[in-house]
Amino acid sequence: MGRNRLNLAIGLGATCSGCDITIVDLAEYLPKVLSSVNIAFWPTAADLKLKDLEAMANGSIDLCLYHGAIVNEENAEMARLLRRKSKLMVAFGSCACFGGVPGLANLATKDSLLETVYGTPSTDNPKGLKPQGEALVGEYRMAVPKRLDAVLPLSGVVEVDYSIPGCPPQTSQVKDAFEAILSSDLPPRGSVIGPAKNLCDECPRKREGKSISKIVRAHETIADQERCLLDQGILCMGPATRAGCDAKCIKANMRCEGCMGPPDGVGDQGAKMLGAIASILGLEGEDKMSEEDVARLMDGIVDPVGLFYLFSLPSSILRRRLWEV
Amino acid sequence: MNDVRADLKNLKIGVYVCHCGKNIADVVDVKRVADFASKLPGVEVAREYLHMCDDVGQEMISKDIMELGINRVVVAACSPKVHELTFRDTLRKAGLNPYLLEMANIREQCSWVHRSDPDRATEKAIDLVKMAVAKARWLIPLETKAVEVTRSALVIGGGIAGIQAALDVADNGYQVYLVEKGPSLGGRMGQWSKVFPTMDCAACILTPKMVSAAQHPKIKLLTNSELIEASGSLGNFKVKIRKRPRYVDEEKCTACGLCAQKCPVRIPNEVDFGMSSRKAIYITSPNAVPLAYSIDGENCLYLKRGICRVCERVCEAKAIDFDQKEEVLELRVGSIIVAIGYDPFDPTPLEEYGFGRYKDVVTGPMLERMTDPMGPTGGAILRPSTGKPPRKVAFIQCVGSRDARFNLYCSRVCCMYAIKDSLIIKEQNPESDVYIFYMDIRAFGKGYEEFYLRSQEAGVKFIRGKVSSIREDPRTHELVLRYEDTLLGTALEDSFDLVVLSVGQVPRADTDAISKILGIPRSADGFLMEAHPKLRPNDAVVDGIYLAGSAQYPKDIPDAVAQASGAAARALIPLSMGQVYVEPISPLIEEDRCGGCGVCVKLCPYGALKLEEREDKRVAKVDEVLCKGCGTCSAACPSGAVRSRMFTEEQILSMISSAAG
Amino acid sequence: MMDDALERAFRERVAKRFGMKKGSMSLAIEEAIREWMRSEEEAKGVKEAKVEIPLEHVEEAPPPSPEFAEEIIRASGENINKCIQCGNCVASCPSGRITAYNSRRIIRKASMGYKEEVLRSIELWLCTTCYTCVERCPRKIDVVNAILTMRNMAVENGWMLDPHKVVSMNLMKTGHAVPIDQATRERRKELGLSELPPTVHQYERALLDVQHILKETGFFELVEKAQPQKAGSA
Amino acid sequence: MGRKYALFLGCLIPNRYPGIEAAARKVLPRIGIELADMNGASCCPAPGVVKSFSRPAWLAVAARNLCIAEDMALDVLTFCNGCYGTLADANHSLKADRALRDSVNSKLKEVGMVFKGSVGVRHLAEVLMKEVTPEGIRRAVTKPLGLRAAVHYGCHLIKPKVLREWVGSAERPTFLDELTEALGAESVEWEDKMACCGAGGGVRSAVLDVSLRMLNRKLLSAKEAGADFILNVCPFCHLQFDRGQIELQRLYGLQPYDMPVLHYVQALGLAMGYGPHELGVDMNFVGMDRILSKLP
């Protein structure tokens, strides 16, 4: 590492900051990273102000890892600013890659969201106050950033060079990414850093047929540790999810929820999984089933959007719900 | 071969818009379509012409390929079903991979269906061309694969069509397996006595054919047998045949008939539609081929209850063999001819005619059996209720045919057989009155109109009107028919002592089973569907399977025989070629994307996919011979690893975005 | 009761006219009744049993209007052009057996566009809507539905039979096509039922509602514009 | 056991043959059919006439009647074939066709109603066949009739069959014969049994002579078959058979047929031991002596 240190920025939008923890989780590898980078901007860890960032020359940051979804105008502005300042822009974590869990807000309107947050009986808000766009506080005019019409992934506002999915990404992925960048051995632009295949490739379980005769929700059963969860009627997202997490949930006897997003070549994770489920659901004895039987089987799928698009709604072909005006 | 990425550099697309004479050009503004296409990105040239499929049209395309370096071809013309092969050939001859062709169907999908709205038909044609061009950008060169052919054929059904097809294939020197479900060849024709319009004796012309089929060195006759499983494809089918035991040694049996005389079991004879009875050991006809008795396992006392064995005791030839077991034969054949025939329509659901309730209401086929010297009445037409000859007979045409409540199609044979039977009645009893109630008389074949005339000359009365109901007079037991003579415009009632319901042909009860086993679809009327109603009437939708006789649609004997010979000629093509080329329809499985989840494996309707174990992983693998290219796997693959070569995701998505954009 | 001599004489006549065979007796009786009815009607000045088509309605046959069939198809959803004129409906028709009513011909005329002739004919009103033809039609045409649609069109044109106007007036006035009468009131009481049934007869407010609906749907207007039309005898 | 229905009376039953209404109110609760009045119901309206004049008016008035039952949350029960024809067919059309429903509801809105499509329409014969069953009837019968009945189904009870799957066969149905046999009566085979009585379609009101000539054929054939009485399940057929006999006599001077006519509920009442007067049987135009004298 004789040459100049890399200028590193870590930007954030609508995030839980779990992605920050991933970087900290690099543990024994962290010193090596820190010794080769110069933290140009990292609101979570370093005291740098917006105006410091604005003052930097365009393209002066070598690498920006951006985590969190784009929910409001401030997020969008921050993303655009970092894009201008950075040579490489990486969507870091599933929120930045696909919209993530905050993306489920696309099922609601702005008003109904505020209603849920500020108006539910468990909220201590006796006066029923709700955030205003702008307010005068003393002599100051205070503005809350305007919410966008829909939650977007990072790629919804700026061009993204690489994606590192995961909720949060695996430390191994982060390590690989740093290695690649530090050694200038970069994959083609637009690539996802992670294995191309689906999770089944890493899954240690035994699979027999693939035909679901009854849908079982995860909390309704204790799954057999050895057998494929789908074979047991649990709608595991593994087949439509990128590998790379070492099947951690699966090994904990928990279905894959799809946080790594779709594997290479798949545009819409939820649609692909729905297609697969629709194909194998009730396959056995299908010819003997009545309309009602089919309907009953389908009713086993509770909250389909939450099930198939937990992490990827904003980047799917669905994107958001539409309301009749 | 594994590279599925299209070469997007140096794209030179040629677009060719066809007038199809006036078929397209009368409605669609072909010039506007071509002008529009010429401005699309990547399009080098766009032309329109009278008939793209003719020599000049094809020459136009190959010249562009060779001179302008066109490397993707879009033809906007008819359905690819009609001319895709033609244009692929054009490309091949011009040195371009034939799969770099895309067709936009602006005839069936535009000019034909939107005749009344030329402007919008043109807009739709433009959209289709736009989408075809978008897809063409992503086309990839594909290779056909040559497969060795098993030089033998399977013929299913031993009626006149099956016999003819088997003889034609065998006479060309190839091995034929002729599978018949019943104990004898002959089929429906074997049940008829005289056949129209020549009135010759059916047995006299059928029996020699049955014998030559049975004795042909290249024909292996399998009676009491049925197809139970099939796999493979054109050139290489693997079939399983279940052969039920006859319990009589065909070689030893002399057909003396003593066994049947002594057999104590009496059941309705299906050959006579239940008008007579037969024994549990029986022969369908004295002309049966093979000429040997057969024991009906469903009804034999010994086989059902372990008692009797009378036949065994009386048989001097010692031909009875209760030790025969059911066998399952596995055969390999290169082509399959399906000639399973038809069933007569059962008129019971037409309650207004009282069939089954009134003894003297019979069906046409039942009357046919009465005219047979070997039939239940020894050839005499008699009223079932009295056993006496009828004095006044009515034929009701189109029973269950041309009737939206049952079968919408015309059964094609009923007019002629009713006319034939009317003549036989007149021959047997010139004093009798015969009326034929019809909606239209369809006498379309050679010699048929003349036959109709003969019947009119013989005094048969033709009344244009559909009989609405039949009621039996409780006192006279005569049948009272209500009808309107539509040519007179009067509603009338008249009494008859025998009523014949001219029922048509319906798909055989086992058509569904055969259609599922062979994977060949049926058309809306329930008959087996042909690959193209005009240009490929002998081919089933699946390559290598051919249709003969009434399995495809109601037919009379000349048509069934003609189609059988046609089907045989088609079935001989792969056999004599020795090699067949398989279309690159099977999906490409990208191993670096496949996680081996196995979703596709169970799903494949043809069992063409399996998981292959590798050192540390499993991947899906496709058997190209079994695959029919349906695309189910590629739609279902959750990781996008299975790709249909001719419908890649890029191709489809680009079509969608060009249509939306 | 018939006296024996008369019966013998009748039987002899029957034998002469219809021959000695089974069924001739019933044929003869039917014919006798028909003859009888005709003579009785003539004697009493009752109009001829056959329905007459008033001459003024058919004197000038207007040219066919090809869009008539389309109108019927649109209004009824029945494609009358599918008819193959097999006559099954006529043969099934209880009315057609005894009158000039011929549903096949009406459908044919409608299909060919003879609008006036069809809509003005009394024949149109001879269908009892028994649906036998509908069950048996080999083209699955709901003949009754088509006929009712044509009747709607006739009424729309002001052609409504007088007795039907009376029924309609009853409905508009009382909410019942057949309203209660004094004799029935008495019988109801005798049977232990309420004098008026718990229908619109008891509930005035409900009657107003029915009348409102009939007005809203244009029924009042239809009945009012109906011109006087004669029908068969009553 | 036992089901409750919204009783739709129509016109002829309450306003011309109250005996049928009285019989139903007495008899049906005893075989487990509870009746609730549809207060303020009107004419169904008649399928033969009103539907012939204006389909929109017919549909809207029918919808209003259905709404009354919807408010009661009960299926409609009728024992008039005409009412059944109107209400069942209108109910089907309105449930199946959203545009039609919207247009009718826009009319109903003004009288404070809305058609929801929440109830079914049953003919008494269907309920008796499927829920009470002939066996149930047989158990309730104390005085088997021992008569020969000419069973008349009537057209709108069984046709159009597409909307009446329960009927089984429209050409040769058997359910009413089975229900009749359950009364201890014999159902005779008669020519033109399934033919129309001639009343429907506005024919009786407008062209009586055509209507009566159809009736005459039916009466002749019932007589020839040796029937003691005609059994029906529709007050309009009932009226045609009953009053029609008198009209044939009066207008054409025919000899009286003297053929008694009973609605099924009345016949059931007799078989359950009610007196003819309680069932209003003696209110018919045609006398009942011929059968009453034969009853056990």
Side-chain angles (χ1 to χ4, degrees), chain C residues 26 30 33 37 40-41 46 49 51 94-95 98-99 125-132 134-135 142 148 151-152 155 160-161 163-164 167-168 171 175-181 184 187-188 191-193 197-200 202-203 205-206 209-210 212-214 216-219 222 231-234, chain D residues 9 11-12 14-16 18-19 21-22 25 37-43 45-57 60-61 64 107-108 110-111 155-156 159-161 170-171 195-196 198-203 205-210 213-214 216 220 224 251-254 280 283:
Chain C
S26 72
E30 198 181 314
I33 290 171
M37 278 165 64
E40 287 288 319
E41 284 153 17
V46 179
V51 172
S95 185
I98 54 167
T99 66
W125 296 92
L126 294 182
C127 165
T128 63
T129 70
C130 80
Y131 286 93
T132 311
V134 177
E135 295 300 327
D142 188 331
L148 291 185
R151 285 181 175 183
N152 272 220
V155 171
M160 187 185 209
L161 300 174
H164 287 155
V167 178
S168 306
L171 178 66
H176 281 293
V178 182
I180 196 145
D181 54 17
T184 311
R187 287 195 202 116
R188 291 185 64 88
L191 288 160
L193 298 168
T199 62
V200 278
Q202 257 189 47
Y203 297 88
R205 173 75 231 164
D209 284 354
V210 173
H212 182 82
I213 289 172
L214 285 172
E216 276 300 297
T217 51
F219 193 72
L222 271 185
S233 67
Chain D
L9 288 170
C11 302
L12 285 167
N15 298 343
R16 287 294 176 275
E21 181 182 337
R25 290 189 189 274
D37 284 333
M38 287 173 65
N39 295 331
S42 66
C43 176
V49 282
V50 182
K51 197 177 178 183
S52 292
F53 311 149
S54 162
R55 186 187 290 267
V61 176
R64 180 188 165 276
K107 307 272 186 315
L108 292 178
E110 295 165 34
V111 298
C155 306
H156 293 172
K159 292 172 281 189
K161 211 197 116 191
E171 289 285 346
C196 173
V203 174
S205 58
V207 266
L208 184 65
D209 38 25
V210 169
R213 280 194 291 152
M214 277 189 234
N216 194 36
L220 256 176
E224 266 174 32
L251 296 176
Y252 306 116
L254 296 190
M283 290 171 181

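Convention: sequence-line order gives letters A, B, ...; per-chain numbering from 1.
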Among D:G280, D:P45, D:P160, which has the most heavy-atom pairs under 4.5 Å with chain C? D:P160

Heavy-atom pairs under 4.5 Å with chain D: which of C:L193, C:V134, C:L148 has the most? C:L193

Contact winner vs chain D - C:S95, C:P179, C:G192, C:S168, heavy-atom pairs under 4.5 Å: C:P179

Give, as side chain, backbone, both or neither, the part of C:V200 having an atom under 4.5 angstrom from any heavy atom of chain D. both

Mind checking whether C:D209 and D:E110 have side chains closer than 4.5 Å, heavy atoms only? no

Ignoring hydrogens and angles, tell me if any N or O in the side chain of D:K159 forms a donor-acceptor pair with the backbone of C:C130 under 3.5 Å. yes

Could you tell me whether a side-chain N or O of C:E135 sits under 3.5 Å from a main-chain N or O of D:K161, the two making a donor and an acceptor? yes

Tell me every residue that passes ring pair (Phe, Tyr, Trp, His ring centres under 6.0 Å) with C:H164, counting only those two or more places apart in sequence or in another chain. C:W125, D:F53

Hey, which of D:L220, D:L9, D:V111, D:L254 has the most heavy atom pairs under 4.5 Å with chain C? D:V111

Is C:Y131 in contact with chain D via its backbone, its side chain, both, or neither, using a 4.5 Å heavy-atom distance? both

Specify the closest pair of heavy atoms between D:S52 and C:N152, including all atoms of both residues, with the distance to one decimal. O-ND2, 2.7 Å

Tell me if a side-chain donor or acceptor on D:H156 pairs with a main-chain N or O of C:T129 at a distance below 3.5 Å. yes

Can you list the steps and then say if D:S42 with C:H176 is a side-chain contact (heavy atoms from CB on, under 4.5 Å)? CA-CA 6 Å; D:S42 66; C:H176 281 293; 5.6 Å; no

Heavy-atom proximity to chain D below 4.5 Å, by part of C:V167: side chain

Separation between NE2 of C:H212 and CG of D:L108, rounded to the nearest 0.5 Å: 10.0 Å

CZ of D:R16 to CZ of C:R187: how many Å apart, nearest 0.5 Å? 9.0 Å

Between C:D142, C:V155, C:V178, which residue shows the highest count of heavy-atom pairs closer than 4.5 Å to chain D? C:V178

Check D:V203 against C:C127 and note the closest heavy-atom contact, atom names and distance. CG2-O, 3.4 Å

Heavy-atom pairs under 4.5 Å with chain C: which of D:A199, D:C43, D:G48 has the most? D:C43

Hey, what do you get for CD1 (C:I213) to NZ (D:K107), rounding to the nearest 0.5 Å? 10.0 Å

Verify side-chain contact (heavy atoms from CB on, under 4.5 Å) between D:V50 and C:L171, making sure each step is shown before the conclusion. CA-CA 9 Å; D:V50 182; C:L171 178 66; 3.7 Å; yes

Do any N or O atoms from the side chain of D:D37 and from the backbone of C:P198 form a donor-acceptor pair under 3.5 angstrom? no

Where does D:V49 contact chain C at under 4.5 Å (heavy atoms): side chain, backbone, both or neither? side chain

For C:L222 and D:S54, work out which heavy atoms get closest and say how close. CD1-CB, 3.5 Å

Donor-acceptor pair, distance only, cut-off 3.5 Å: does the side chain of C:T199 make one with the backbone of D:G40? no

Heavy-atom nearest pair, C:R151 first then D:G201, reads NH1-O, 2.9 Å

Could you grab the distance from atom CE of D:M214 to atom OG1 of C:T99, nearest 0.5 Å is fine? 6.5 Å

When heavy-atom pairs shorter than 4.5 Å are enumerated against chain C, which of D:C155, D:A41, D:C196 gives the highest number? D:A41

Heavy atoms only: give me the nearest D:C11-C:A177 pair and the separation to one decimal. SG-N, 3.4 Å

What is the minimum heavy-atom distance between C:P197 and D:P14, and which atoms define it? CB-CB, 3.5 Å

Okay, D:A60 and chain C: the region with an atom under 4.5 Å from a heavy atom over there is both

For the pair C:L191 and D:E21, evaluate side-chain contact (heavy atoms from CB on, under 4.5 Å) and give the outcome as yes or no after the intermediate values. CA-CA 9 Å; C:L191 288 160; D:E21 181 182 337; over 6 Å; no

